[in-house]
Amino acid sequence: RPLTLNDPLAAAPFPNNQIPLGRLDPVSLKMAAYFPKPNLAGTVSNFISQGNATTSNNNFGVKADHRLTSRDRLTMSVFWRPNSVWDPVASSRSPLPIFGARNNTLDLLSYVSYLRPIGTSWFVDLKASFSRKTNNQRWPYGADRDWAAEIGFPGGTTNPVARGLPQFEATGYIMLGPAYDLPKVWSFNNYQYSGAATKIHAAHTFKFGGDFLRLQYFSRNYGDTRGRLVFNGRFTRETMADLLLGWPSSSRRQLDAAGPYHLISNYSAYVQDDWKVAPTLTLNLGLRYELMKPPREKFNAWSMFLPELGKVVIAGHGNLSAEEFDRRLQIAGSQNVTMAANAGLPPAITRTDYTNLGPRLGFAWRIFGNTKTVIRGGYGIFYGSSSLYRMDDYADTYPFSINETYSVSGSNPTLVTASNPFPDARRNAPGGVTSTFGQQSSAPQSQYLQSWSLTFEREIARSTVLEAAYAGSKGTHLQRR
């Protein structure tokens, strides 16, 4: 159907239904040049995008098993898997191959184990392991040149890791620009050291030992750091006309990369006894102690909301200058925030729970003295912590990541334009003033699981066994999103 292009500045249609060339926005014109020519017949759905996706991966492994002496055995291994993926037509993103994404990942696993018997009844087992997993997903051309400066688009990031063209979203048309949520860069390191000693004495097999686990999680998300504009035909009644005039309905940007550099240390010690009380009864008795320290951001660049204080608690200044840090606090109002040190809290913001004792009990009983009927049961308390990947919920915490949205209210399209997408006069209150994730208390108790089971087994024929089992569990202090 014929369209009448409205000129909101004149409160009337454009003369001859044509937009004067002098009214077109120079930034929008340069972005619109990325729209491809039709390669299919018709006036709608007349373009199909094609590109060659590639995946390349290799698997490597090295293992060595060496008997140092007649009593000493050393085992070492390392496995790694580099992977590279090129996706020229990303789902729910711009289908143009020039805006495709590359992702380079690495999976690595290594360990060293040392085993030595001492005398005839002692055994010592020492282990150390390291694993690493990385992700490096990005628009591969950003570092080539300053794309935003070439089209005259201001306000986006100049970081070579993330710079590039903004994302233009025009209703009814394909997106232009690299995906707004790239790059996604993260790495996860796991260091684990353990030692155990086993002593066999009469009817007892004693085992005791300890573990130390060091976790490192580094994540950087650059979503919207290049800027994102949405056009919907609000002003002229036609989306493409709004885009060419440089009249978005809204714009947004993230001021800097967001993401934590978390460090976690877990310690544990245990003692266990397998006690053969009688030929028909064996008990397994154990006790384990867990010390799981809460995550600490390496540069103290994180915060969370604590209901008990009614404020956002900030660990430190992070990498922000004192001047910039104070400026950002003024946006939310200093009465709504406090520093962890001023609240008597550690840099981790939450205190460590030192009460994590986990008893373990198990038994196996041949109740009729033969091998045909056995009852087995067990109970234990198992402590755990949330996956570090859940710490991504802290990625956009105020004031270290500020998401700004600029919207046009009323009928004046010049308040926010493609050439001036982030005017101070139209800045809304920043996102992330309160954390997207927090704790109910500054001293949360560790989450744990109680687990129990009872099994009855009976041989009813030479090759047939009847088994009935019951298992139950109960979680306590489990975190919820």
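Both backbone and side-chain heavy atoms feed into the values below; hydrogens, waters and symmetry mates do not.
Electrostatic pairing of Asp224 and Arg253 does not count as a salt bridge here, judged by no charged N lying under 4.0 Å from a carboxylate O. Taking a cutoff of 4.0 Å between a charged side-chain nitrogen and a carboxylate oxygen, Arg327 and Glu323 do not qualify as a salt bridge. Salt bridge present: Arg288 and Asp211 bring a charged side-chain N and a carboxylate O closer than 4.0 Å. Here Asp274 does not pair with Lys207 in a salt bridge; the nearest charged N to carboxylate O distance is not below 4.0 Å. The pair Arg328-Asp256 meets the salt-bridge criterion, with a side-chain N (NZ, NE, NH1 or NH2) lying under 4.0 Å from an Asp/Glu carboxylate O. The pair Glu404-Arg252 fails the salt-bridge criterion, with no side-chain N (NZ, NE, NH1 or NH2) lying under 4.0 Å from an Asp/Glu carboxylate O.
The neighbour count for Asn342 CG, taken as heavy atoms of other residues, nucleotides or ligands under 6.0 Å away, is above 12. For CH2 of Trp80, the number of neighbouring non-hydrogen atoms (other residues, nucleotides, ligands) closer than 6.0 Å is greater than 12. Counting heavy-atom neighbours within 6.0 Å of Lys276 NZ, excluding the residue itself, gives a total above 12. Sparse packing is recorded around CZ of Arg73, with 12 or fewer heavy atoms of other residues, nucleotides or ligands lying under 6.0 Å away. Surrounding NZ of Lys293 are at most 12 heavy atoms belonging to other residues, nucleotides or ligands under 6.0 Å away.
Looking only at distances, no side-chain donor or acceptor of Asp273 sits under 3.5 Å from a matching main-chain atom of Asn284. Under a 3.5 Å cut-off, the side chain of Arg226 and the backbone N or O of Ala179 do form a donor-acceptor pair. Side chain of Arg163 to main chain of Gly142: a donor-acceptor pair is present (N/O by atom type, distance under 3.5 Å, no hydrogens or angles). Proximity of a side-chain donor or acceptor of Asn221 to a complementary backbone N or O of Gly223 within less than 3.5 Å is not detected. A donor-acceptor contact shorter than 3.5 Å is absent between the side chain of Glu290 and the backbone of Ser268. Judged purely by atom type and a 3.5 angstrom limit, Asp353 uses its side chain to pair as donor or acceptor with the backbone of Ser446.
Here the side chains of Pro117 and Trp122 are not in contact, with every heavy-atom distance at 4.5 Å or above.
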Before you tell me yes or no, could you show the steps for Arg228 and Ser251 under side-chain contact (heavy atoms from CB on, under 4.5 Å), namely the whole-Å CA-CA distance, both residues' side-chain angles and the distance that decides it to 0.1 Å? CA-CA 6 Å; Arg228 178 163 41 132; Ser251 65; over 6 Å; no
Quick one: do Arg93 and Asp181 satisfy salt bridge (Lys or Arg N to Asp or Glu O under 4.0 Å)? Show the steps, please. CA-CA 10 Å; Arg93 301 290 189 268; Asp181 55 348; 2.5 Å; yes
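With sequence neighbours excluded, no residue forms a salt bridge (Lys or Arg N to Asp or Glu O under 4.0 Å) with Glu297.
Side-chain atoms of Arg366 and Thr371 include no donor-acceptor pair closer than 3.5 Å. Side-chain N/O atoms of Asn104 and Ser84 include a donor and acceptor closer than 3.5 Å. Under 3.5 Å, the side chains of Gln254 and Tyr222 contain no donor-acceptor pair of N or O atoms. With 3.5 Å as the limit, one finds no donor-acceptor pair spanning the side chains of Thr205 and Lys199. A side-chain N or O of Thr476 and one of Lys474 form a donor-acceptor pair less than 3.5 Å apart.
Shown are Thr282, Leu283, Leu285; of these, the side chain to side chain contact (heavy atoms under 4.5 Å, CB included) with Phe363 is made only by Leu283.
The aromatic rings of Tyr217 and Trp186 are tilted relative to each other, their planes meeting at an angle between 30° and 60°. Ring pair Phe218/Tyr261 is perpendicular by interplanar angle, where above 60° counts as perpendicular and below 30° as parallel. Ring geometry for Tyr34 versus Trp147: interplanar angle of 30 to 60°, hence tilted. The aromatic rings of Tyr448 and His477 sit perpendicular, their planes meeting at an angle over 60°, well past the 30° parallel limit.
For the pair Pro97 and Ser49, the tightest heavy-atom approach, listed with the atom from each and the gap, is CD-OG, 3.7 Å. Taking all atoms of both residues into account, the shortest heavy-atom contact from Val161 to Pro183 is O-CG, 3.4 Å.
Between the CG atom of Asn136 and the CZ atom of Arg220 there is a distance of 13.5 Å, given to the nearest 0.5 Å. Atom NZ of Lys133 sits about 11.5 Å away from atom CG of Leu109, to the nearest 0.5 Å.
Seen from the ring of Tyr191, Arg214 does not count as a face-on cation partner, given the 6.0 Å and 45° thresholds.
The ring of Tyr141 has its center closer than 6.0 angstrom to the ring center of Trp139.
Sorted by first and then second residue, the side chain to side chain donor-acceptor pair (under 3.5 Å) pairs involving residues 462-473 (not counting sequence neighbours) are Trp452-Tyr470.
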